[in-house]
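Right, I'll just put the structure down here and ask away after.
Computed from a predicted model, the values in this text were never measured in an experiment.
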Amino acid sequence: MTADKAEEEVTAGFVVIGDEILSGRTKDKNIGFLADYLTAIGIDLCEVRIVPDVTERIVEAVNALRSRYTYVFTSGGIGPTHDDITADSIAEAFGVGIDVDPRAKAILEAHFPAGQLTPARLRMARIPDGADLIANAVSKAPGFRIENVHVMAGVPSIMQAMLDAIAPTLKTGRKMLSRTVDADLPESRIAERLRDIQNAFPETLIGSYPRATDGRFTTQIVVRSRDETVMNRAADAVADAVREAAGQ
């Protein structure tokens, strides 16, 4: 991974593509994985869009996010069937042509036994003009990268392998750190204090997450910041506020 220690914020958007996700037939597993993965390497996932297999919707989402964030990632729709239209949609978004890419074709020819590279499978070698390939260690059919957009498969194991392949090429920022404070009381008892602490430490993000177990309400408070010193000061303030609210 690029050894970039600068304080520049590196951001990302994610476009999840597929009617099967929106209909509920397939349960998405890629959003959470990508969020965890990017956070761990210092990239903020700022926006996720789930769009159907409709060219206009894919083009709209990709063009909106690629101009807004450092990187865009997509998952889904680069397989061999007629409804796998992501590659064509990305080509349209960039205003470039698309055809069978000799590099991708060679990968598939080496993978499939002689005579088994069917026209349907050859569709997976169609790559927009000017794009670089993303290696696929699982099933070989490559994804691709064009400018700041990375196009990956929807199958979680393949998407994860592709992400591992591109991670060393990504610019990263300072990692977001976090501390968790558990409060044995409902969030309404500490909401005002949390607001004051957030105002006092604008370099942090303070999230309050209520929970209920057997009718008993508790709260988990997460303090996030790229500055460890500031994070710890804010978290200590939160812990003090929780103790005071609990009458300890």
Review point. Do Glu203 and Ser225 get their side chains close enough for a donor-acceptor pair, meaning under 3.5 Å?
Key: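 Result is no, nothing qualifies.
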Review point. Just how far is it from atom CZ of Arg68 to atom CG of Asn148, taken to the nearest 0.5 Å?
Key: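 Output value for this atom pair is 12.5 Å.
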Check your understanding: Tell me, do Val151 and Ile78 make a side-chain contact under 4.5 Å, heavy atoms counted?
Key ->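 Val151 reaches Ile78 side chain to side chain.
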Check your understanding: Looking at Gly97 and Ala91, what are the two nearest heavy atoms and their distance?
Key ->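 Result for this residue pair: O-CB, 4.1 Å.
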Check your understanding: Going by heavy atoms in the side chains, are Pro210 and Phe217 under 4.5 Å from each other?
Key ->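 They are not in contact (no side-chain heavy atoms under 4.5 Å apart), so the answer is no.
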Check your understanding: Are any side-chain N or O atoms of Thr86 and backbone N or O atoms of Gly76, one a donor and one an acceptor, separated by less than 3.5 Å?
Key ->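 Checking the backbone N and O of Gly76 against the side chain of Thr86, a donor-acceptor pair under 3.5 Å is found.
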Exercise for review: Determine whether Arg211 and Asp182 make a side-chain contact, defined as any pair of heavy atoms from C-beta on separated by less than 4.5 Å.
Suggested key: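 Counting from C-beta outward, Arg211 and Asp182 do come under 4.5 Å.
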Review point. Same cluster for Ile98 and Met124 if Ile/Leu/Val/Met/Phe/Trp/Tyr side chains link at under 4.5 Å?
Key: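 Per the 4.5 Å side-chain linkage, Ile98 and Met124 are not co-clustered.
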Point to revise | Side-chain heavy-atom pair His150, Val72 within 4.5 angstrom cut-off | key: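 Counting from C-beta outward, His150 and Val72 never come under 4.5 Å.
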Review point. Does the Asp132 side chain pair with the main chain of Arg145, one donor and one acceptor, at a distance under 3.5 Å?
Key: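 Not confirmed, Asp132 side chain does not pair with Arg145 backbone.
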Exercise for review: Indicate the atoms forming the closest heavy-atom contact of Pro128 with Val96, along with that distance.
Suggested key: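 Closest pair (atom of Pro128, atom of Val96, distance): CB-CG2, 4.0 Å.
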Point to revise | pair Gln198-Leu194: side-chain heavy atoms closer than 4.5 Å | key: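 In short, these two side chains do not touch, never coming nearer than 4.5 Å.
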Check your understanding: Are the side chains of Phe14 and Leu45 in touch, meaning some heavy atoms are under 4.5 Å apart?
Key ->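 In short, these two side chains touch, coming nearer than 4.5 Å.
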Practice item. Give a yes or no on whether a salt bridge exists between Asp101 and Arg103, defined as a side-chain N under 4.0 angstrom from a carboxylate O. Key: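 A salt bridge is present here (some side-chain N lies under 4.0 Å from a carboxylate O).
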Practice item. Would you confirm whether Ser23, through its side chain, and Glu20, through its main-chain N or O, come within 3.5 Å as a donor-acceptor pair? Key: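 Yes, because the side chain of Ser23 sits within donor-acceptor range (under 3.5 Å) of the backbone of Glu20.
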Quick one: side chains of residues 26-33, donor-acceptor pairs under 3.5 Å with protein atoms, not counting sequence neighbours, listed by atom name and distance.
unit_1: Lys27; atom_1: NZ; unit_2: Gly24; atom_2: O; d: 2.9
unit_1: Asp28; atom_1: OD1; unit_2: Asn30; atom_2: N; d: 3.4
unit_1: Asp28; atom_1: OD2; unit_2: Asn30; atom_2: N; d: 3.2
unit_1: Asp28; atom_1: OD2; unit_2: Ile31; atom_2: N; d: 2.9
unit_1: Asn30; atom_1: ND2; unit_2: Gly154; atom_2: O; d: 2.9

Check your understanding: How many angstroms lie between atom CE of Met231 and atom CG of Leu177, to the nearest 0.5 angstrom?
Key ->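 The distance works out to 5.0 Å.
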Review point. Going hydrophobic residue to hydrophobic residue with side-chain gaps under 4.5 angstrom, can you get from Ile166 over to Met159?
Key: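 Yes: a chain of side-chain contacts under 4.5 Å links Ile166 to Met159.
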Point to revise | From CA spacing to verdict: side chain to side chain contact (heavy atoms under 4.5 Å, CB included), Met152, Phe144 | key: CA-CA 7 Å; Met152 301 178 290; Phe144 60 87; over 6 Å; no
Exercise for review: Report yes or no: does Arg224 contribute a side-chain atom to a donor-acceptor pair with the main-chain N or O of Leu205 at less than 3.5 Å?
Suggested key: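 No.
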Review point. Going through the distances and angles, do Ile206 and Ile197 end up as a side chain to side chain contact (heavy atoms under 4.5 Å, CB included)?
Key: CA-CA 9 Å; Ile206 301 176; Ile197 295 169; 3.7 Å; yes
Point to revise | Transitive ILVMFWY side-chain link Val16 to Leu22, under 4.5 Å | key: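 Yes, Val16 connects to Leu22 through the hydrophobic network.
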Review point. Distance from Thr118 atom OG1 to Arg123 atom CZ, nearest 0.5 Å?
Key: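 With rounding to 0.5 Å, OG1 (Thr118) is 11.0 Å from CZ (Arg123).
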Check your understanding: Under 3.5 Å, is there a donor-acceptor pair between the side chain of Thr11 and the main chain of Thr70?
Key ->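 Side chain of Thr11 to backbone of Thr70: a pair is present.
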**Study point:** Any donor-acceptor pair under 3.5 Å from Arg226 side chain to Arg174 backbone
**Key:**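 Indeed, once roles are kept as given, a pair shorter than 3.5 Å links the two residues.
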Review point. In terms of hydrophobic clustering (I, L, V, M, F, W, Y; side-chain heavy atoms under 4.5 Å; direct or indirect links), are Val223 and Val230 co-clustered?
Key: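 Both belong to a single hydrophobic cluster.
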Exercise for review: Determine, step by step, whether Asp164 and Tyr37 satisfy the side chain to side chain donor-acceptor pair (under 3.5 Å) criterion, reporting the C-alpha distance in whole Å, the side-chain angles of both residues, the deciding distance to 0.1 Å, and the verdict.
Suggested key: CA-CA 10 Å; Asp164 283 337; Tyr37 197 106; 2.8 Å; yes
Point to revise | Between CG on residue Leu38 and CE on residue Met176, distance to nearest 0.5 Å | key: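 Reported value, rounded in 0.5 Å steps: 12.5 Å.
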Exercise for review: Taking all non-hydrogen atoms of both residues into account, name the closest pair between Ser208 and Thr219 and its distance.
Suggested key: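 Where Ser208 meets Thr219 most closely, the heavy atoms are OG-CG2, 3.4 Å.
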Check your understanding: How many angstroms lie between atom CG of Asp227 and atom CZ of Arg233, to the nearest 0.5 angstrom?
Key ->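 If we round to the nearest 0.5 Å, Asp227:CG and Arg233:CZ are 9.0 Å apart.
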Exercise for review: Tell me, yes or no, whether the heavy-atom count around Gln220 atom CD, taken from other residues, nucleotides or ligands under 6.0 Å, exceeds 12.
Suggested key: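 Counting neighbours around CD of Gln220, more than 12 heavy atoms of other residues, nucleotides or ligands fall under 6.0 Å, so yes.
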Exercise for review: Apply the test side chain to side chain contact (heavy atoms under 4.5 Å, CB included) to residues Leu65 and Val15: give CA-CA distance (whole Å), side-chain angles for both, the deciding distance (0.1 Å), then the verdict.
Suggested key: CA-CA 9 Å; Leu65 298 190; Val15 182; 3.6 Å; yes
Review point. Heavy atoms, side chains only, cut-off 4.5 Å: are Tyr71 and Ile43 in contact?
Key: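 SC-SC contact between Tyr71 and Ile43 confirmed.
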Exercise for review: Can you establish whether the number of heavy atoms outside Glu192 located under 6.0 Å from its atom CD is more than 12?
Suggested key: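 12 or below, so no.
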What pairs of donor and acceptor atoms, side-chain ones from residues 48-62 against any protein atom, are under 3.5 angstrom apart with sequence neighbours left out?
unit_1: Arg49; atom_1: NE; unit_2: Glu47; atom_2: OE2; d: 3.0
unit_1: Arg49; atom_1: NH2; unit_2: Glu47; atom_2: OE2; d: 3.3
unit_1: Asp53; atom_1: OD2; unit_2: Asp19; atom_2: N; d: 3.0

Check your understanding: When clusters are formed by joining ILVMFWY residues with side-chain heavy atoms under 4.5 Å apart, either directly or through shared neighbours, do Val155 and Val138 land in the same one?
Key ->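 Result: yes, single cluster for both.
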Review point. Could Arg189 and Asp184 be called an ion pair, given the rule that one side-chain N must be under 4.0 Å from one carboxylate O?
Key: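 So Arg189 does not pair with Asp184 through a salt bridge.
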Review point. If you measure from the Lys or Arg side-chain nitrogens to the Asp or Glu carboxylate oxygens, is any gap between Asp240 and Arg243 under 4.0 Å?
Key: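 Result for this pair is yes, salt bridge flagged.
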Practice item. Quick one: which residue pairs count as a salt bridge (Lys or Arg N to Asp or Glu O under 4.0 Å) with a foot in residues 69-89, not counting sequence neighbours? Key: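 Output for this query lists Asp88-Arg126.
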Exercise for review: Could you please spell out the steps behind the side chain to side chain contact (heavy atoms under 4.5 Å, CB included) verdict for Glu9 and Asp44?
Suggested key: CA-CA 8 Å; Glu9 182 179 358; Asp44 293 343; 3.2 Å; yes
Exercise for review: Verify, without hydrogens or angle tests, whether Lys175 (side chain) and Ala40 (backbone) share a donor-acceptor contact under 3.5 angstrom.
Suggested key: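 Answer holds: yes.
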Review point. Which heavy atom in Thr204 sits nearest to a heavy atom in Ala234, and how many Å separate them?
Key: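 It is CG2-CB, 4.0 Å.
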Point to revise | Which atom of Ala183 lies closest to which atom of Ile190, heavy atoms considered | key: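 It is CB-CD1, 4.2 Å.
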Check your understanding: What are the two closest non-hydrogen atoms of Ala135 and Ala165, and how far apart are they?
Key ->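 Minimum heavy-atom separation between Ala135 and Ala165: O-CB, 3.9 Å.
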Review point. Do the side chains of Glu109 and Ile107 get nearer than 4.5 Å, heavy atoms only?
Key: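 The answer is no; the side chains never approach within 4.5 Å.
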Check your understanding: So how far is it from Gln160 CD to Ser75 OG, rounded to the nearest 0.5 Å?
Key ->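 Answer rounded to 0.5 Å: 11.0 Å.
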Exercise for review: Check whether any side-chain N or O of Arg121 sits under 3.5 Å from a backbone N or O of Gln116 as a donor-acceptor pair, and report yes or no.
Suggested key: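 Looks like yes, one N/O pair under 3.5 Å.
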